[in-house]
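Below is one structure; the comments refer to it alone.
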Number of protein chains: 2
Amino acid sequence: MPKQIPDIVIGRLPIYLRALLQMSLEGRQVTSSQELGERLGISAAQIRKDLSQFGEFGKQGTGYNIEFLANQVREILKVNRVWDVAIVGAGDIGRALAGYNGFSQRGFRISMIFDAKPELIGGQAGEFTIKDSRTMKEEIAAAGIQMAMIAVPATQAQAVADQLVEAGVRAILSYAPVNLNVPAGVRVQNIDPSIHLQRMTYYLE
Amino acid sequence: MPKQIPDIVIGRLPIYLRALLQMSLEGRQVTSSQELGERLGISAAQIRKDLSQFGEFGKQGTGYNIEFLANQVREILKVNRVWDVAIVGAGDIGRALAGYNGFSQRGFRISMIFDAKPELIGGQAGEFTIKDSRTMKEEIAAAGIQMAMIAVPATQAQAVADQLVEAGVRAILSYAPVNLNVPAGVRVQNIDPSIHLQRMTYYLE
DNA sequence: TAGATTGTTAATCGATTAACAATC
DNA sequence: TAGATTGTTAATCGATTAACAATC
(Lines give C-alpha, C1' and ligand atoms only; values in the text may rest on other atoms or scores of the structure.)
Protein backbone atom coordinates (compact mmCIF):
# COMPACT_ATOMS: atom_id res chain seq x y z
CA MET A 1 0.00 0.00 0.00
CA PRO A 2 1.51 3.35 -0.99
CA LYS A 3 2.12 5.86 1.78
CA GLN A 4 -1.03 7.76 2.58
CA ILE A 5 -0.56 11.44 1.74
CA PRO A 6 -2.77 13.96 3.56
CA ASP A 7 -5.31 15.60 1.27
CA ILE A 8 -4.29 19.00 2.59
CA VAL A 9 -0.83 18.40 1.14
CA ILE A 10 -2.30 17.41 -2.23
CA GLY A 11 -4.30 20.61 -2.09
CA ARG A 12 -1.17 22.73 -1.86
CA LEU A 13 0.69 21.11 -4.73
CA PRO A 14 -1.30 22.85 -7.47
CA ILE A 15 -0.51 26.16 -5.77
CA TYR A 16 3.17 25.35 -5.77
CA LEU A 17 2.96 24.30 -9.40
CA ARG A 18 1.28 27.53 -10.43
CA ALA A 19 3.95 29.58 -8.67
CA LEU A 20 6.71 27.54 -10.31
CA LEU A 21 5.19 28.14 -13.73
CA GLN A 22 5.08 31.83 -13.06
CA MET A 23 8.72 31.88 -11.98
CA SER A 24 9.56 29.95 -15.10
CA LEU A 25 7.77 32.58 -17.20
CA GLU A 26 9.85 35.20 -15.44
CA GLY A 27 12.92 33.41 -16.79
CA ARG A 28 14.04 32.07 -13.44
CA GLN A 29 15.93 28.75 -13.27
CA VAL A 30 16.25 28.04 -9.57
CA THR A 31 14.30 28.82 -6.42
CA SER A 32 14.31 27.90 -2.74
CA SER A 33 11.67 26.84 -0.26
CA GLN A 34 12.14 30.20 1.38
CA GLU A 35 11.49 32.21 -1.77
CA LEU A 36 8.52 30.09 -2.77
CA GLY A 37 7.15 30.41 0.74
CA GLU A 38 7.45 34.17 0.73
CA ARG A 39 5.55 34.43 -2.53
CA LEU A 40 2.78 32.17 -1.33
CA GLY A 41 2.56 33.12 2.30
CA ILE A 42 3.49 29.59 3.36
CA SER A 43 6.39 28.64 5.62
CA ALA A 44 9.52 27.30 3.99
CA ALA A 45 9.46 24.33 6.35
CA GLN A 46 6.01 23.38 5.20
CA ILE A 47 6.97 23.46 1.55
CA ARG A 48 9.99 21.26 2.18
CA LYS A 49 7.94 18.89 4.28
CA ASP A 50 5.21 18.64 1.66
CA LEU A 51 7.65 17.92 -1.15
CA SER A 52 9.61 15.45 0.94
CA GLN A 53 6.54 13.23 1.05
CA PHE A 54 7.21 12.40 -2.57
CA GLY A 55 10.95 12.39 -2.93
CA GLU A 56 14.06 14.55 -2.86
CA PHE A 57 13.81 17.24 -5.48
CA GLY A 58 16.28 19.83 -4.26
CA LYS A 59 19.98 20.31 -3.68
CA GLN A 60 21.40 21.49 -0.39
CA GLY A 61 22.93 24.90 -0.70
CA THR A 62 21.25 25.78 -4.00
CA GLY A 63 17.56 24.95 -3.80
CA TYR A 64 15.25 23.59 -6.48
CA ASN A 65 15.54 23.64 -10.25
CA ILE A 66 12.24 25.22 -11.23
CA GLU A 67 11.62 23.29 -14.43
CA PHE A 68 12.57 19.99 -12.84
CA LEU A 69 10.44 20.53 -9.76
CA ALA A 70 7.47 21.63 -11.86
CA ASN A 71 7.73 18.42 -13.83
CA GLN A 72 7.94 16.35 -10.69
CA VAL A 73 4.86 18.03 -9.24
CA ARG A 74 3.01 17.54 -12.51
CA GLU A 75 3.85 13.89 -12.36
CA ILE A 76 2.70 13.55 -8.75
CA LEU A 77 -0.58 15.26 -9.55
CA LYS A 78 -0.93 13.26 -12.77
CA VAL A 79 -1.27 16.40 -14.85
CA ASN A 80 1.70 15.43 -16.99
CA ARG A 81 -1.00 14.02 -19.25
CA VAL A 82 -4.20 15.49 -20.69
CA TRP A 83 -7.53 14.89 -18.98
CA ASP A 84 -10.71 15.18 -20.97
CA VAL A 85 -13.35 17.21 -19.18
CA ALA A 86 -17.06 17.49 -19.94
CA ILE A 87 -19.04 20.64 -19.21
CA VAL A 88 -22.69 20.35 -18.25
CA GLY A 89 -24.66 23.56 -18.68
CA ALA A 90 -24.18 26.09 -21.45
CA GLY A 91 -25.30 29.23 -19.66
CA ASP A 92 -22.96 32.12 -18.92
CA ILE A 93 -20.62 30.06 -16.77
CA GLY A 94 -20.58 27.01 -19.01
CA ARG A 95 -19.79 29.15 -22.01
CA ALA A 96 -17.10 31.06 -20.16
CA LEU A 97 -15.51 27.72 -19.26
CA ALA A 98 -15.88 26.42 -22.82
CA GLY A 99 -14.08 29.50 -24.13
CA TYR A 100 -11.38 29.60 -21.49
CA ASN A 101 -8.02 28.78 -22.99
CA GLY A 102 -6.12 28.35 -19.75
CA PHE A 103 -6.90 24.66 -19.34
CA SER A 104 -4.61 23.19 -21.96
CA GLN A 105 -1.38 24.29 -20.27
CA ARG A 106 -2.57 22.85 -17.00
CA GLY A 107 -3.40 19.31 -18.05
CA PHE A 108 -7.01 19.56 -19.19
CA ARG A 109 -8.96 19.57 -22.42
CA ILE A 110 -12.61 20.44 -22.68
CA SER A 111 -14.14 17.73 -24.77
CA MET A 112 -17.93 18.16 -24.73
CA ILE A 113 -20.57 20.57 -23.51
CA PHE A 114 -24.19 19.67 -22.79
CA ASP A 115 -27.39 21.54 -22.06
CA ALA A 116 -31.03 20.57 -21.64
CA LYS A 117 -32.55 23.64 -23.30
CA PRO A 118 -33.80 22.95 -26.83
CA GLU A 119 -32.94 26.50 -27.91
CA LEU A 120 -29.30 26.00 -26.91
CA ILE A 121 -28.77 22.49 -28.27
CA GLY A 122 -26.92 22.57 -31.58
CA GLY A 123 -25.65 26.08 -30.93
CA GLN A 124 -22.05 27.07 -30.31
CA ALA A 125 -20.13 27.50 -27.06
CA GLY A 126 -16.55 28.43 -27.74
CA GLU A 127 -15.47 26.00 -30.42
CA PHE A 128 -17.97 23.36 -29.32
CA THR A 129 -21.42 22.45 -30.50
CA ILE A 130 -23.76 22.16 -27.55
CA LYS A 131 -25.08 18.64 -27.18
CA ASP A 132 -28.39 17.42 -25.83
CA SER A 133 -28.00 16.45 -22.19
CA ARG A 134 -30.30 13.48 -22.78
CA THR A 135 -27.34 11.87 -24.55
CA MET A 136 -24.89 12.92 -21.84
CA LYS A 137 -24.62 9.71 -19.91
CA GLU A 138 -23.92 7.50 -22.88
CA GLU A 139 -21.56 9.94 -24.59
CA ILE A 140 -19.48 10.46 -21.48
CA ALA A 141 -19.38 6.75 -20.75
CA ALA A 142 -18.46 5.94 -24.35
CA ALA A 143 -15.63 8.47 -24.29
CA GLY A 144 -14.39 7.21 -20.93
CA ILE A 145 -14.43 10.72 -19.48
CA GLN A 146 -13.57 10.87 -15.80
CA MET A 147 -13.89 14.59 -15.06
CA ALA A 148 -16.76 17.03 -15.44
CA MET A 149 -17.72 20.59 -14.54
CA ILE A 150 -21.30 21.31 -13.55
CA ALA A 151 -22.66 24.73 -14.52
CA VAL A 152 -26.41 24.17 -14.31
CA PRO A 153 -28.99 25.79 -11.99
CA ALA A 154 -28.89 24.66 -8.36
CA THR A 155 -32.12 22.74 -8.76
CA GLN A 156 -30.67 20.50 -11.48
CA ALA A 157 -27.21 19.98 -10.03
CA GLN A 158 -27.79 16.86 -7.94
CA ALA A 159 -29.59 15.07 -10.77
CA VAL A 160 -26.76 15.94 -13.14
CA ALA A 161 -24.18 14.75 -10.62
CA ASP A 162 -26.03 11.44 -10.27
CA GLN A 163 -25.97 10.93 -14.02
CA LEU A 164 -22.31 11.85 -14.27
CA VAL A 165 -21.44 9.32 -11.61
CA GLU A 166 -23.44 6.67 -13.43
CA ALA A 167 -21.53 7.54 -16.58
CA GLY A 168 -18.25 6.87 -14.81
CA VAL A 169 -17.18 10.39 -13.85
CA ARG A 170 -15.08 10.37 -10.70
CA ALA A 171 -14.13 14.03 -10.27
CA ILE A 172 -16.65 16.86 -10.40
CA LEU A 173 -16.06 20.59 -10.23
CA SER A 174 -19.41 22.17 -9.45
CA TYR A 175 -20.37 25.81 -9.93
CA ALA A 176 -23.87 25.17 -8.60
CA PRO A 177 -24.49 26.71 -5.17
CA VAL A 178 -25.60 23.49 -3.48
CA ASN A 179 -23.92 20.66 -1.65
CA LEU A 180 -23.70 17.57 -3.84
CA ASN A 181 -23.92 14.07 -2.45
CA VAL A 182 -21.89 11.49 -4.30
CA PRO A 183 -20.73 7.97 -3.53
CA ALA A 184 -17.37 7.28 -1.94
CA GLY A 185 -14.66 7.28 -4.56
CA VAL A 186 -16.07 10.30 -6.36
CA ARG A 187 -14.44 13.64 -5.60
CA VAL A 188 -16.22 16.97 -5.65
CA GLN A 189 -14.89 20.50 -5.59
CA ASN A 190 -17.23 23.45 -5.28
CA ILE A 191 -16.96 26.97 -6.62
CA ASP A 192 -19.58 29.34 -5.29
CA PRO A 193 -18.61 33.00 -5.29
CA SER A 194 -21.10 33.84 -2.53
CA ILE A 195 -19.47 31.28 -0.27
CA HIS A 196 -16.06 32.78 -0.93
CA LEU A 197 -17.33 36.29 -0.29
CA GLN A 198 -19.07 35.18 2.91
CA ARG A 199 -15.78 33.76 4.14
CA MET A 200 -14.36 37.26 4.15
CA THR A 201 -17.15 39.51 5.45
CA TYR A 202 -16.59 38.23 8.98
CA TYR A 203 -13.33 40.15 8.99
CA LEU A 204 -14.75 43.40 7.64
CA GLU A 205 -16.48 46.18 9.54
CA MET B 1 -10.39 41.55 22.90
CA PRO B 2 -13.04 39.25 21.45
CA LYS B 3 -12.34 35.54 21.47
CA GLN B 4 -10.18 34.53 18.53
CA ILE B 5 -12.15 32.24 16.24
CA PRO B 6 -10.13 29.91 13.97
CA ASP B 7 -10.42 30.86 10.31
CA ILE B 8 -11.22 27.28 9.46
CA VAL B 9 -14.39 27.60 11.53
CA ILE B 10 -15.35 30.83 9.76
CA GLY B 11 -14.82 28.96 6.50
CA ARG B 12 -17.43 26.36 7.40
CA LEU B 13 -20.15 28.79 8.45
CA PRO B 14 -21.12 29.78 4.88
CA ILE B 15 -21.49 26.07 4.09
CA TYR B 16 -23.77 25.60 7.07
CA LEU B 17 -25.75 28.66 6.05
CA ARG B 18 -26.22 27.43 2.51
CA ALA B 19 -27.47 24.05 3.77
CA LEU B 20 -29.86 25.77 6.19
CA LEU B 21 -31.29 27.89 3.39
CA GLN B 22 -31.84 24.79 1.31
CA MET B 23 -33.62 23.03 4.16
CA SER B 24 -35.72 26.12 4.61
CA LEU B 25 -36.66 26.01 0.92
CA GLU B 26 -37.68 22.40 1.43
CA GLY B 27 -40.15 23.65 4.02
CA ARG B 28 -38.29 22.25 7.00
CA GLN B 29 -38.52 24.03 10.38
CA VAL B 30 -36.05 22.18 12.57
CA THR B 31 -32.82 20.24 12.10
CA SER B 32 -30.10 18.65 14.21
CA SER B 33 -26.33 18.66 14.13
CA GLN B 34 -26.54 15.04 13.06
CA GLU B 35 -28.78 15.69 10.07
CA LEU B 36 -26.80 18.73 8.98
CA GLY B 37 -23.63 16.73 9.32
CA GLU B 38 -24.92 13.89 7.19
CA ARG B 39 -25.87 16.27 4.41
CA LEU B 40 -22.51 17.98 4.45
CA GLY B 41 -20.21 15.10 5.24
CA ILE B 42 -19.11 16.77 8.47
CA SER B 43 -19.32 15.24 11.94
CA ALA B 44 -22.15 16.32 14.18
CA ALA B 45 -19.67 17.05 16.95
CA GLN B 46 -17.80 19.46 14.74
CA ILE B 47 -20.92 21.37 13.82
CA ARG B 48 -21.92 21.72 17.44
CA LYS B 49 -18.42 22.75 18.41
CA ASP B 50 -18.23 25.33 15.65
CA LEU B 51 -21.56 26.89 16.54
CA SER B 52 -20.79 26.85 20.26
CA GLN B 53 -17.98 29.31 19.62
CA PHE B 54 -20.60 31.96 19.06
CA GLY B 55 -23.42 31.08 21.43
CA GLU B 56 -26.12 28.57 22.22
CA PHE B 57 -28.49 28.29 19.31
CA GLY B 58 -30.13 24.90 19.85
CA LYS B 59 -32.42 23.14 22.28
CA GLN B 60 -31.55 19.84 23.89
CA GLY B 61 -33.78 17.09 22.67
CA THR B 62 -35.08 18.98 19.64
CA GLY B 63 -32.17 20.51 17.77
CA TYR B 64 -31.99 23.81 15.93
CA ASN B 65 -34.72 26.01 14.52
CA ILE B 66 -33.59 26.43 10.94
CA GLU B 67 -34.74 29.99 10.37
CA PHE B 68 -33.38 31.16 13.70
CA LEU B 69 -30.01 29.47 13.23
CA ALA B 70 -29.70 30.82 9.69
CA ASN B 71 -30.26 34.32 11.01
CA GLN B 72 -27.70 33.85 13.74
CA VAL B 73 -25.11 32.62 11.25
CA ARG B 74 -25.89 35.52 8.94
CA GLU B 75 -25.31 37.87 11.81
CA ILE B 76 -22.00 36.21 12.77
CA LEU B 77 -20.80 36.41 9.17
CA LYS B 78 -22.12 39.96 8.84
CA VAL B 79 -24.18 39.04 5.82
CA ASN B 80 -27.35 40.20 7.51
CA ARG B 81 -26.60 43.40 5.65
CA VAL B 82 -25.82 44.16 2.01
CA TRP B 83 -22.23 44.51 0.85
CA ASP B 84 -21.46 46.46 -2.29
CA VAL B 85 -19.05 44.63 -4.55
CA ALA B 86 -17.11 45.97 -7.52
CA ILE B 87 -16.18 43.79 -10.48
CA VAL B 88 -12.94 44.48 -12.34
CA GLY B 89 -12.82 42.95 -15.79
CA ALA B 90 -15.74 42.67 -18.20
CA GLY B 91 -14.70 39.60 -20.15
CA ASP B 92 -16.64 36.35 -20.06
CA ILE B 93 -16.21 35.84 -16.33
CA GLY B 94 -16.84 39.45 -15.35
CA ARG B 95 -20.03 39.51 -17.39
CA ALA B 96 -21.19 36.17 -15.99
CA LEU B 97 -20.68 37.61 -12.51
CA ALA B 98 -22.43 40.85 -13.42
CA GLY B 99 -25.42 38.90 -14.66
CA TYR B 100 -25.54 36.41 -11.82
CA ASN B 101 -28.61 36.94 -9.70
CA GLY B 102 -27.61 34.71 -6.82
CA PHE B 103 -25.73 37.39 -4.89
CA SER B 104 -28.64 39.42 -3.55
CA GLN B 105 -30.02 36.63 -1.37
CA ARG B 106 -26.61 36.00 0.09
CA GLY B 107 -25.72 39.49 1.26
CA PHE B 108 -24.09 41.07 -1.77
CA ARG B 109 -24.91 43.62 -4.42
CA ILE B 110 -22.83 44.22 -7.50
CA SER B 111 -22.40 47.92 -7.72
CA MET B 112 -19.92 48.69 -10.50
CA ILE B 113 -17.99 46.95 -13.24
CA PHE B 114 -14.77 48.19 -14.82
CA ASP B 115 -12.63 47.32 -17.79
CA ALA B 116 -9.58 48.82 -19.46
CA LYS B 117 -10.52 48.03 -23.06
CA PRO B 118 -11.84 51.08 -24.93
CA GLU B 119 -14.18 48.91 -26.98
CA LEU B 120 -15.85 47.60 -23.84
CA ILE B 121 -16.11 50.84 -21.88
CA GLY B 122 -19.59 52.30 -22.11
CA GLY B 123 -21.06 48.95 -23.13
CA GLN B 124 -23.41 46.80 -21.08
CA ALA B 125 -22.66 43.93 -18.71
CA GLY B 126 -25.85 42.61 -17.19
CA GLU B 127 -27.66 45.74 -16.07
CA PHE B 128 -24.45 47.71 -15.65
CA THR B 129 -22.63 50.13 -17.89
CA ILE B 130 -18.97 49.18 -18.04
CA LYS B 131 -16.77 51.93 -16.60
CA ASP B 132 -13.26 52.94 -17.50
CA SER B 133 -10.81 51.30 -15.12
CA ARG B 134 -8.77 54.49 -15.07
CA THR B 135 -11.50 55.92 -12.84
CA MET B 136 -11.67 52.77 -10.73
CA LYS B 137 -9.63 53.84 -7.76
CA GLU B 138 -11.46 57.08 -7.16
CA GLU B 139 -14.93 55.66 -7.81
CA ILE B 140 -14.42 52.76 -5.43
CA ALA B 141 -12.93 55.00 -2.79
CA ALA B 142 -15.72 57.55 -3.16
CA ALA B 143 -18.36 54.85 -2.81
CA GLY B 144 -16.59 53.31 0.20
CA ILE B 145 -16.64 49.87 -1.40
CA GLN B 146 -14.79 47.24 0.62
CA MET B 147 -15.16 44.16 -1.59
CA ALA B 148 -14.16 43.43 -5.17
CA MET B 149 -13.94 40.57 -7.62
CA ILE B 150 -11.03 40.46 -10.05
CA ALA B 151 -11.73 38.96 -13.47
CA VAL B 152 -8.87 40.33 -15.54
CA PRO B 153 -6.04 38.48 -17.29
CA ALA B 154 -3.36 37.03 -15.03
CA THR B 155 -0.85 39.61 -16.16
CA GLN B 156 -3.02 42.50 -14.94
CA ALA B 157 -4.25 41.00 -11.71
CA GLN B 158 -1.55 42.15 -9.32
CA ALA B 159 -1.69 45.74 -10.59
CA VAL B 160 -5.47 45.73 -10.23
CA ALA B 161 -5.20 44.30 -6.71
CA ASP B 162 -2.74 47.03 -5.78
CA GLN B 163 -5.13 49.70 -6.97
CA LEU B 164 -8.07 48.12 -5.20
CA VAL B 165 -6.14 48.09 -1.95
CA GLU B 166 -5.23 51.72 -2.41
CA ALA B 167 -8.89 52.47 -2.99
CA GLY B 168 -9.76 50.91 0.36
CA VAL B 169 -10.89 47.45 -0.69
CA ARG B 170 -10.21 44.90 2.03
CA ALA B 171 -11.64 41.68 0.59
CA ILE B 172 -10.82 40.42 -2.89
CA LEU B 173 -12.20 37.42 -4.73
CA SER B 174 -9.84 36.77 -7.61
CA TYR B 175 -10.56 34.68 -10.69
CA ALA B 176 -7.10 35.34 -12.09
CA PRO B 177 -4.83 32.28 -12.02
CA VAL B 178 -2.00 33.93 -10.08
CA ASN B 179 -1.10 34.36 -6.46
CA LEU B 180 -1.81 37.91 -5.31
CA ASN B 181 0.28 39.66 -2.72
CA VAL B 182 -1.59 42.10 -0.54
CA PRO B 183 -0.85 43.88 2.72
CA ALA B 184 -1.89 42.41 6.06
CA GLY B 185 -5.50 43.24 6.77
CA VAL B 186 -6.62 42.57 3.21
CA ARG B 187 -8.20 39.17 2.57
CA VAL B 188 -7.98 37.30 -0.71
CA GLN B 189 -9.88 34.29 -1.96
CA ASN B 190 -8.93 32.62 -5.22
CA ILE B 191 -11.03 30.80 -7.74
CA ASP B 192 -9.03 29.00 -10.42
CA PRO B 193 -10.77 26.04 -12.04
CA SER B 194 -7.46 24.46 -13.06
CA ILE B 195 -6.31 24.46 -9.45
CA HIS B 196 -9.52 22.78 -8.37
CA LEU B 197 -9.24 20.18 -11.10
CA GLN B 198 -5.60 19.53 -10.26
CA ARG B 199 -6.63 18.85 -6.66
CA MET B 200 -8.60 15.86 -7.88
CA THR B 201 -6.48 14.23 -10.58
CA TYR B 202 -4.12 12.83 -7.97
CA TYR B 203 -6.90 10.45 -6.95
CA LEU B 204 -7.77 9.33 -10.49
CA GLU B 205 -6.10 6.66 -12.56
C1' DT C 1 -41.63 10.09 31.86
C1' DA C 2 -38.49 8.34 28.19
C1' DG C 3 -36.02 9.65 24.34
C1' DA C 4 -33.36 12.81 21.93
C1' DT C 5 -30.02 16.20 21.32
C1' DT C 6 -27.41 20.01 22.89
C1' DG C 7 -23.08 22.33 24.72
C1' DT C 8 -18.75 21.27 26.59
C1' DT C 9 -14.75 18.81 28.41
C1' DA C 10 -11.04 15.82 27.86
C1' DA C 11 -8.69 12.72 24.84
C1' DT C 12 -7.07 11.86 20.46
C1' DC C 13 -5.43 12.79 16.28
C1' DG C 14 -3.05 15.34 12.76
C1' DA C 15 -0.62 19.35 10.94
C1' DT C 16 2.83 22.88 11.43
C1' DT C 17 7.08 24.64 12.97
C1' DA C 18 11.71 24.78 14.80
C1' DA C 19 16.02 23.08 14.63
C1' DC C 20 19.95 20.94 12.75
C1' DA C 21 22.98 17.43 10.60
C1' DA C 22 24.04 16.53 5.97
C1' DT C 23 25.84 18.28 1.95
C1' DC C 24 25.96 20.98 -2.27
C1' DT D 1 36.47 26.68 2.36
C1' DA D 2 32.34 29.29 3.93
C1' DG D 3 27.69 29.98 3.13
C1' DA D 4 23.39 28.35 1.91
C1' DT D 5 19.70 25.28 1.80
C1' DT D 6 17.87 20.77 1.83
C1' DG D 7 15.46 16.69 4.06
C1' DT D 8 14.05 15.04 8.39
C1' DT D 9 13.26 14.56 13.31
C1' DA D 10 11.22 16.01 17.43
C1' DA D 11 8.48 19.46 19.64
C1' DT D 12 4.68 22.30 19.43
C1' DC D 13 0.49 23.71 18.19
C1' DG D 14 -4.21 23.30 16.77
C1' DA D 15 -8.26 20.79 15.17
C1' DT D 16 -11.33 16.89 15.52
C1' DT D 17 -13.73 13.41 17.92
C1' DA D 18 -15.70 10.85 21.72
C1' DA D 19 -18.27 10.96 25.56
C1' DC D 20 -21.58 12.56 28.75
C1' DA D 21 -24.08 15.57 32.01
C1' DA D 22 -27.66 18.76 31.34
C1' DT D 23 -32.07 19.44 29.83
C1' DC D 24 -35.77 20.07 26.47
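Residue numbering restarts at 1 for every chain, and letters A, B, ... go by the order of the sequence lines.
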I need the minimum non-hydrogen distance between [X] and [Y], along with the two atoms involved.
{"X": "A:I191", "Y": "B:P193", "result": "CD1-CA, 4.4 Å"}
{"X": "B:S111", "Y": "B:I145", "result": "OG-CD1, 3.1 Å"}
{"X": "B:L17", "Y": "B:A70", "result": "CD1-O, 3.7 Å"}

Quick one: [X] [atom1] to [N] [atom2], roughly how many Å, whole number?
{"X": "B:I8", "N": "C:dG14", "atom1": "CD1", "atom2": "P", "answer": "14 Å"}
{"X": "A:I42", "N": "C:dA15", "atom1": "CD1", "atom2": "P", "answer": "15 Å"}
{"X": "B:F57", "N": "C:dT5", "atom1": "CZ", "atom2": "C1'", "answer": "17 Å"}
{"X": "B:F54", "N": "C:dT6", "atom1": "CZ", "atom2": "C1'", "answer": "17 Å"}
{"X": "B:L51", "N": "D:dA15", "atom1": "CG", "atom2": "P", "answer": "16 Å"}
{"X": "B:I66", "N": "C:dT5", "atom1": "CD1", "atom2": "C1'", "answer": "15 Å"}
{"X": "B:I47", "N": "D:dT17", "atom1": "CD1", "atom2": "P", "answer": "11 Å"}
{"X": "A:D50", "N": "C:dA15", "atom1": "CG", "atom2": "C1'", "answer": "10 Å"}

#### Entry: Heavy atoms from other residues, nucleotides or ligands near CD of B:E26 exceed 12 (cutoff 6.0 Å)
yes
(Q) Looking at B:R28, I'd like to know if its CZ atom is crowded, meaning that more than 12 non-hydrogen atoms belonging to other residues, nucleotides or ligands lie closer than 6.0 Å. (A)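 More than 12 within 6.0 Å, yes.
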Side chain [X], main chain [Y], donor-acceptor under 3.5 Å:
{"X": "B:K131", "Y": "B:F114", "result": "no"}
{"X": "B:R109", "Y": "B:D84", "result": "no"}
{"X": "A:S133", "Y": "A:M136", "result": "no"}

Practice item. Using only side-chain N and O atoms of A:Y64, determine if any of them is under 4.0 Å from OP1 or OP2 of D:dG7. Key: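 Yes, such a contact exists.
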Ignoring backbone atoms, test whether A:S43 places a side-chain nitrogen or oxygen under 4.0 Å from the OP1 or OP2 oxygen of C:dT16.
no
Would you jot down, in residue-number order, the residues of residues 67-78 of chain B having a non-hydrogen atom under 4.0 Å from DNA chain C?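 Residues of residues 67-78 of chain B that come under 4.0 Å of DNA chain C do not exist, since none gets that close.
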- Please work out which residues in residues 13-35 of chain A have a non-hydrogen atom less than 4.0 Å from an atom of DNA chain C and list them by number.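 Close to the strand, none.
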Intermediate values then yes/no, side chain to side chain contact (heavy atoms under 4.5 Å, CB included), B:L36 and B:Y64: CA-CA 10 Å; B:L36 207 42; B:Y64 300 91; 5.8 Å; no
Might you work through the salt bridge (Lys or Arg N to Asp or Glu O under 4.0 Å) test for B:E67 and B:R74, ending with a clear yes or no?
CA-CA 11 Å; B:E67 202 53 54; B:R74 267 187 279 252; 3.6 Å; yes
Find out whether [X] and [Y] are in side-chain contact, i.e. whether some heavy atom of one side chain is under 4.5 Å from a heavy atom of the other.
{"X": "A:L77", "Y": "A:I10", "answer": "yes"}
{"X": "A:L197", "Y": "B:F103", "answer": "yes"}
{"X": "A:M149", "Y": "A:V85", "answer": "yes"}

Can you find a side-chain donor-acceptor pair between B:Q158 and B:D162 that sits under 3.5 Å? yes
Can you tabulate the close N/O pairs, meaning under 3.5 Å, that link protein atoms to atoms of nucleotides 9-11 of chain D?
none

- Does A:D115 pair with A:K117 as a salt bridge, N-O distance under 4.0 Å?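 Looking at A:D115 and A:K117, the cut-off is not met.
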| query | Does any pair with a residue in residues 165-178 of chain A pass side-chain hydrogen bond (donor to acceptor under 3.5 Å, both in side chains), and if so which ones, sequence neighbours excluded? | reply |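 Non-adjacent pairs meeting side-chain hydrogen bond (donor to acceptor under 3.5 Å, both in side chains): A:K137-A:E166, A:Q146-A:R170.
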The correct list of stems in which DNA chain C takes part (3 or more consecutive Watson-Crick or G-U pairs, distances under 3.5 Å) is C:3-24 with D:3-24
Using atom names, set out every protein N or O paired with an N or O of nucleotides 19-24 of chain C below 3.5 Å, distance rounded to 0.1 Å.
from, atom 1, to, atom 2, distance (Å)
C:dA19, N6, A:R48, NH2, 3.2
C:dT23, O4', A:Q60, NE2, 3.4
C:dC24, O4', A:Q60, O, 3.2
C:dC24, O2, A:Q60, O, 3.3

DNA chain C nearest-nucleotide lookup for A:Q46 and B:G58: closer to the 5′ end is B:G58
